[in-house]
Protein chains: 2
Amino acid sequence: MQLKELSERTGVSAASIKFYLREGLLPAGESVHATRARYSPQHASRLQLIQALRTVVGLTIEQIRTLVKLADDGVPRLELLAAVQRTVLGLDQMSTGHGDVPAQAGDAVVRLRNWPDTPSDARDALDAHVARMESLGVPVTTELLDAYSKALDAIADRDISATTAPEDTNELILTAAVGMHLHGQLVLKLLALAQASHAIRRYKNDAAKRNAPPQK
Amino acid sequence: MQLKELSERTGVSAASIKFYLREGLLPAGESVHATRARYSPQHASRLQLIQALRTVVGLTIEQIRTLVKLADDGVPRLELLAAVQRTVLGLDQMSTGHGDVPAQAGDAVVRLRNWPDTPSDARDALDAHVARMESLGVPVTTELLDAYSKALDAIADRDISATTAPEDTNELILTAAVGMHLHGQLVLKLLALAQASHAIRRYKNDAAKRNAPPQK
DNA sequence: GGCTCTAGGATAGAAGCACTATCCAGTGGT
DNA sequence: ACCACTGGATAGTGCTTCTATCCTAGAGCC
């Protein structure tokens, strides 16, 4: 198919497709002649990937470029998934070493949970984030890390066994990125509900206690 | 103090302060004369709040305006905290009723966890998000909600009992917003690490199985 | 009374992002 | 022959968050 048809099929304007081509998100079509190019279904699926990463996950052009570049370079799938995780959860764009105390929260968590002691982006990001929290005056105790990681261990355990990865690379990135993002948001929303619920319960208890004076 | 001193103390440029004044984030100082105004320490603390909400939490001017307006209107603290939660966790900016099936994920969760059955923003946001996930082809089973909410119940339980709220309103919003944001991000990062850890473990098991052929 | 500094108001510019639009000249297909 | 469509280039748009400039009127100081 050619550009116009690609545009009509995917619902992306021709101008935008040109933009993505310029930006290197979409590989050039097969140039039949100087003024004619053919696009494959691969292009359509790539376009859908771009679309989803922009509108659903909210990545920037730059981030999408990084991901599709990896895909086009044919890096191993595990590596690709790691990159998706980095990007979707904003584990990139970390200051990476503002000095300070090592903080090594990752070590503590890994030991607490008996997780494999392997360096990873997620671990670096955790260290950086904990350091950031401390520097902003929000203390992170080992007890907190223990409670949090124990709970999330259960979630991850469940998630990982409910996962099947598609063959096609575009689709792999798509499902991985969208899934991670949506599940992450789901966690945040459930946490909000949980906190609200606990707050209400606590508030009610306090009110009850005030009515019937404390017996301490 | 006057504008320049306010600027020097908080590290916010005079131009930015003027901008915030125009935008209604910062209340006008006490106008001593036509060309002179006095700012109180309240202004400094408000400015710090604005600063933190922008750079740490990443709110927009519009969102900050909404929050400080509530603070200035002196709404009850519980209501204020609810608004902070809405804003920080992006529970605002939801489509609010794109029709479709009711989905009522909130009901299910509340029943599963035995949480108080009270309508709330968090619950609406959860419903909306689950509906969105479904519409994007990501299934949300009751079993998943059960596993997630059980884990987050534990976290919320721990959080709520480790909380003390400051008296000053600016400070209240600041600590609440920053705390919510950072704890949310912490959860996401820990989840990433947990998933990566489980993936590694699973990968190793698979590899081991391949070496010593399965005995099923 | 002059000099310098500052407030406050207005307006314009700047920078980043993701497009969107326009113009162009060269074909491919009918 | 003709017209739709092409790649390539370049410029403009809309939004957000500032930042800079210019102005006048008044305050404090000598």
Side-chain angles (χ1 to χ4, degrees), chain A residues 1-40 43-44 46-69 87 90 92-93 177, chain B residues 1-40 43-44 46-68 87 90 92-93:
Chain A
M1 79 192 89
Q2 46 194 50
L3 200 149
K4 204 182 190 187
E5 194 186 344
L6 184 63
S7 160
E8 278 157 6
R9 277 207 205 174
T10 56
V12 181
S13 77
S16 294
I17 293 178
K18 280 187 175 186
F19 174 69
Y20 293 143
L21 284 167
R22 272 201 304 285
E23 293 293 323
L25 305 194
L26 191 63
E30 188 197 349
S31 184
V32 177
H33 281 292
T35 68
R36 200 89 357 162
R38 240 193 332 232
Y39 299 92
S40 67
H43 286 91
R46 168 62 58 87
L47 215 38
Q48 270 155 13
L49 171 63
I50 295 169
Q51 209 61 357
L53 293 182
R54 280 281 316 127
T55 66
V56 178
V57 187
L59 301 188
T60 67
I61 297 294
E62 177 62 33
Q63 291 174 312
I64 298 174
R65 180 170 25 232
T66 305
L67 287 182
V68 299
K69 197 157 177 293
T87 311
D92 56 356
Q93 77 200 359
Chain B
M1 78 193 90
Q2 46 193 51
L3 201 150
K4 206 184 188 188
E5 193 186 344
L6 184 63
S7 160
E8 277 158 8
R9 277 207 204 175
T10 58
V12 180
S13 76
S16 294
I17 293 178
K18 280 187 177 186
F19 173 70
Y20 295 143
L21 284 167
R22 273 200 305 282
E23 292 294 321
L25 305 194
L26 190 64
E30 190 196 348
S31 185
V32 177
H33 282 291
T35 67
R36 202 87 359 161
R38 238 193 332 232
Y39 299 93
S40 67
H43 286 91
R46 168 62 57 89
L47 214 38
Q48 269 155 13
L49 171 63
I50 294 170
Q51 210 59 357
L53 292 183
R54 281 278 320 126
T55 66
V56 178
V57 187
L59 302 187
T60 67
I61 298 292
E62 177 63 34
Q63 291 174 311
I64 298 174
R65 179 168 28 231
T66 306
L67 287 182
V68 299
T87 311
D92 56 356
Q93 76 199 357

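Chain A is the first sequence line, chain B the second, and so forth, proteins listed ahead of strands; every chain is numbered from 1. As a basis for the values below, the full set of heavy atoms in this structure was taken, side chains included, without hydrogen atoms, waters or symmetry mates.
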Assert: residue with more 5' nearest nucleotide on DNA chain D, out of A:Arg22 and A:Gln2, is A:Gln2
Check: Any side-chain N or O of B:Thr60 under 4.0 Å from OP1/OP2 of D:dT16?
Finding: no
When rounded to the nearest 0.5 Å, the distance separating CG of B:Leu67 from CG of B:Leu25 is 10.5 Å
Taken to the nearest whole Å, CG/B:Leu53 to P/D:dT17 is 13 Å
Of the candidates D:dT19, D:dT6, C:dA7, the side chain of A:Arg36 sits closest to D:dT6
A:Glu30 CD to D:dT6 C1', in whole Å, measures 15 Å
- Worked check of side-chain contact (heavy atoms from CB on, under 4.5 Å) between B:Thr10 and B:Gln51: CA-CA 9 Å; B:Thr10 58; B:Gln51 210 59 357; over 6 Å; no
Picking from C:dA7, D:dT17, C:dT20, the nucleotide nearest the side-chain atoms of B:Leu3 would be C:dA7
Looking only at side-chain N and O atoms, does A:Arg54 come under 4.0 Å of OP1 or OP2 in C:dC19?
yes
Separation of C:dC19 atom C1' from A:Leu21 atom CG, nearest Å, is 14 Å
Q.
So, under a plain 3.5 Å distance rule, would you say the side chain of B:Arg38 forms a donor-acceptor pair with the base of C:dT6?
A. no
Look at all strands and tell whether B:Lys18 reaches a base, only sugar-phosphate, or nothing, counting heavy atoms closer than 4.0 Å. base
Problem set entry | Any A:Tyr39 side-chain nitrogen or oxygen under 4.0 Å from OP1 or OP2 of D:dG7 | yes
A:Lys4 atom NZ is separated from C:dG29 atom P, nearest whole Å, by 16 Å
Quiz item: Does B:Arg65 reach the main-chain N or O of B:Glu23 with its side chain, forming a donor-acceptor pair under 3.5 Å?
Solution: yes
*Does A:Ser31 make a side-chain N or O approach to OP1 or OP2 of D:dG7 shorter than 4.0 Å?*
no
### Task
Ignoring backbone atoms, test whether A:His33 places a side-chain nitrogen or oxygen under 4.0 Å from the OP1 or OP2 oxygen of C:dG28.
yes
From CD of B:Glu5 across to P of C:dT6 the rounded distance in Å is 12 Å
Here the pair of heavy atoms bringing B:Leu26 nearest to B:His43 is CD1-O, 3.7 Å
Nearest heavy-atom approach of B:Pro27 to B:Arg46 is CD-NH1, 3.7 Å
Atom CG of A:Leu47 and atom P of C:dC19 are separated, to the nearest Å, by 11 Å
A:Glu23 atom CD is separated from D:dG7 atom P, nearest whole Å, by 16 Å
Between the OG atom in B:Ser16 and the CG atom in B:Leu47, the distance rounded to the nearest 0.5 Å is 9.0 Å
In whole angstroms, the gap separating P of C:dC19 from CD of A:Glu62 amounts to 14 Å
*Examine D:dC18: is either OP1 or OP2 under 4.0 Å from a nitrogen or oxygen in the side chain of B:Tyr20? Give yes or no.*
yes
Contacts of A:Phe19 and A:Thr35 projected onto DNA chain C by closest heavy atom; the upstream (5') one is A:Phe19
Assign each of B:Gly29 and A:Ala15 the nucleotide of DNA chain C bearing its closest heavy atom; nearer the 5' end lies the nucleotide of B:Gly29
